[in-house]
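Remarks on the structure that follows.
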Amino acid sequence: MVEAAEQVALPRSFYARPTVEVARDLVGKVIVHQVDGEELAGRIVEVEAYLGRGDEAAHFFGGMTPRTRVIYGPPGYAYVYFVYGMYHCLNFVTEPDGEAGAVLIRALEPVAGVEAMRLRRPKARRLEDLASGPGKLALALGVTLDQYGVDVTNGSLIVRAETNHKDFRIGVSPRIGIKKSADLPLRFFVEGNAYVSRAK
DNA sequence: AGTTCGATCGCCT
DNA sequence: GGCGATCGAACTG
């Protein structure tokens with residue numbers, strides 16, 4: 001019998017497309033992580049695209065390194081990195097095998113396992129702050145380097161296709177916290193959503 | 001081998 | 001709005 005999560009996970013073909021398209025289409029989808037016997041889930045309300053060509057802000061600008069090797073492989077896998085000595089950030093690999101590209105997940109609206117997520121984020125007082133940033137959501141979901149390179153079309157960390165929120169507007173803006181290629185409109189978010197890391 | 005600095009967060013003023 | 005925490009990856013020599 002197939003796991004329920006596998007039946008609804010976005011297929012690899014979803015990720016095997018231009019990064020900007022994948023980024024836009026990920027908004028509104030639901031990430032589900034099975035950890036320590038619990039199901040933690042959140043609706044994606046904010047993402048950023050990082051491109052393979054001409055994007056100086058991307059970690060993989062200038063070529064492959066040991067850290068970024070997964071980005072050059074087949075799509076539909078997790079790219080997780082560690083920053084500022086304390087936070088992890090979750091990305092999904094895009095583009096066909098051999099091409100670089102990734103989408104950074106920047107904010108989630110908690111959907112399931114909220115109490116467990118609160119335990120993982122004791123400093124978050126308000127529900128809106130539980131996963132309203134890339135470092136926060138990785139902590140809340142229990143994503144660490146253990147998830148580096150895992151298949152997100154099949155397994156304990158997946159993206160679910162369906163969502164109850166069908167109607168929403170997608171806002172576009174420059175990406176946050178970067179200095180190079182800073183003007184490119186590669187951030188996509190649910191307009192007016194309280195769980196986004198920044199209003200606009 | 002040493003140094004720099006980051007796709008962040010939260011606390012301080 | 002400013003800054004300190006904290007550490008590995010990547011780059012320099």
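Convention: sequence-line order gives letters A, B, ...; per-chain numbering from 1. Everything numeric in this text was worked out from a predicted model, so none of it was measured.
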What string of B, S and - do you get for nucleotides 8-13 of chain C, 5' to 3', if B is base contact, S is sugar-phosphate-only contact and - is no contact with any protein heavy atom under 4.0 Å?
-SS---
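- No donor-acceptor pair under 3.5 Å is formed between the side chain of A/Thr19 and the backbone N or O of A/Leu51.
- The distance from atom NE2 of A/His88 to atom P of C/dT6 is 15 Å, rounded to the nearest whole Å.
- By the ring pair (Phe, Tyr, Trp, His ring centres under 6.0 Å) test, A/Tyr81 pairs with A/His59, A/Tyr79, sequence neighbours left out.
- With A/Arg12 as reference, A/Thr153 is the one residue of A/Asp97, A/Thr153, A/Asn154 to meet the side chain to side chain donor-acceptor pair (under 3.5 Å) rule.
- Atom CD in A/Glu46 sits roughly 10 Å away from atom P in B/dT8 (whole-Å rounding).
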Once Watson-Crick and G-U wobble pairs under 3.5 Å are found, how is DNA chain B written in dot-bracket notation, 5' to 3', with | for any base paired to another strand?
||||||.|||||.
Within the sub-3.5 Å range, which N or O atoms of nucleotides 9-13 of chain B have a protein N or O partner, and how far apart are they?
unit_1	atom_1	unit_2	atom_2	d
B/dC9	OP1	A/Pro134	N	3.2
B/dC9	OP1	A/Gly135	N	2.8
B/dC9	OP1	A/Lys136	N	3.1
B/dC9	O4'	A/Tyr87	OH	3.1
B/dG10	OP1	A/Arg121	NH2	2.0

Which is it for A/Ile31 and A/Phe92 under the side-chain contact (heavy atoms from CB on, under 4.5 Å) test, yes or no, and what are the steps along the way?
CA-CA 11 Å; A/Ile31 297 179; A/Phe92 298 129; 3.9 Å; yes
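- Across all strands, A/Ile178 comes closer than 4.0 Å only to sugar-phosphate atoms, never to a base (heavy-atom distances).
- Taking the P atoms as reference points, C/dT6 lies 22 Å from B/dG2, given to the whole Å.
- The pair A/Asp25-A/Arg17 counts as a salt bridge, with a side-chain nitrogen and a carboxylate oxygen less than 4.0 angstrom apart.
- A cation-pi contact links A/Arg43 to A/Phe168, judged by a cut-off of 6.0 Å to the six-membered ring centre and 45° from its axis.
- Results of the salt bridge (charged side-chain N to carboxylate O under 4.0 Å, His left out) test with A/Glu48 over A/Arg175, A/Arg24, A/Arg106 single out A/Arg106 as the only residue that passes.
- Applying the 3.5 Å distance criterion, the base of C/dA5 shares no donor-acceptor pair with the side chain of A/Tyr84.
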Between A/Cys89 and A/Val80, does a side-chain contact (heavy atoms from CB on, under 4.5 Å) hold up when you go through it step by step?
CA-CA 6 Å; A/Cys89 293; A/Val80 181; over 6 Å; no
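- Across all strands, A/Lys179 comes closer than 4.0 Å only to sugar-phosphate atoms, never to a base (heavy-atom distances).
- With A/Phe189 as the aromatic partner, A/Arg187 meets the cation-pi criteria of under 6.0 angstrom to the ring centre and within 45 degrees of the ring axis.
- For the pair A/Arg121 and A/Lys136, the tightest heavy-atom approach, listed with the atom from each and the gap, is CD-O, 3.3 Å.
- Remark: C1' of B/dT8 and CD of A/Glu48 are 12 Å apart, rounded to the nearest angstrom.
- In plain terms, the two heavy atoms of A/Ile44 and A/Val159 that are nearest each other are CD1-CG1, 4.5 Å.
- Residues from residues 109-120 of chain A that place a heavy atom under 4.0 Å from any atom of DNA chain B: there are none.
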Please assess A/Tyr195 against A/Val190 for the test side-chain contact (heavy atoms from CB on, under 4.5 Å), listing each intermediate value before the final yes or no.
CA-CA 9 Å; A/Tyr195 301 85; A/Val190 176; over 6 Å; no
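- Under the salt bridge (charged side-chain N to carboxylate O under 4.0 Å, His left out) criterion, A/Asp36 pairs with A/Arg120, sequence neighbours left out.
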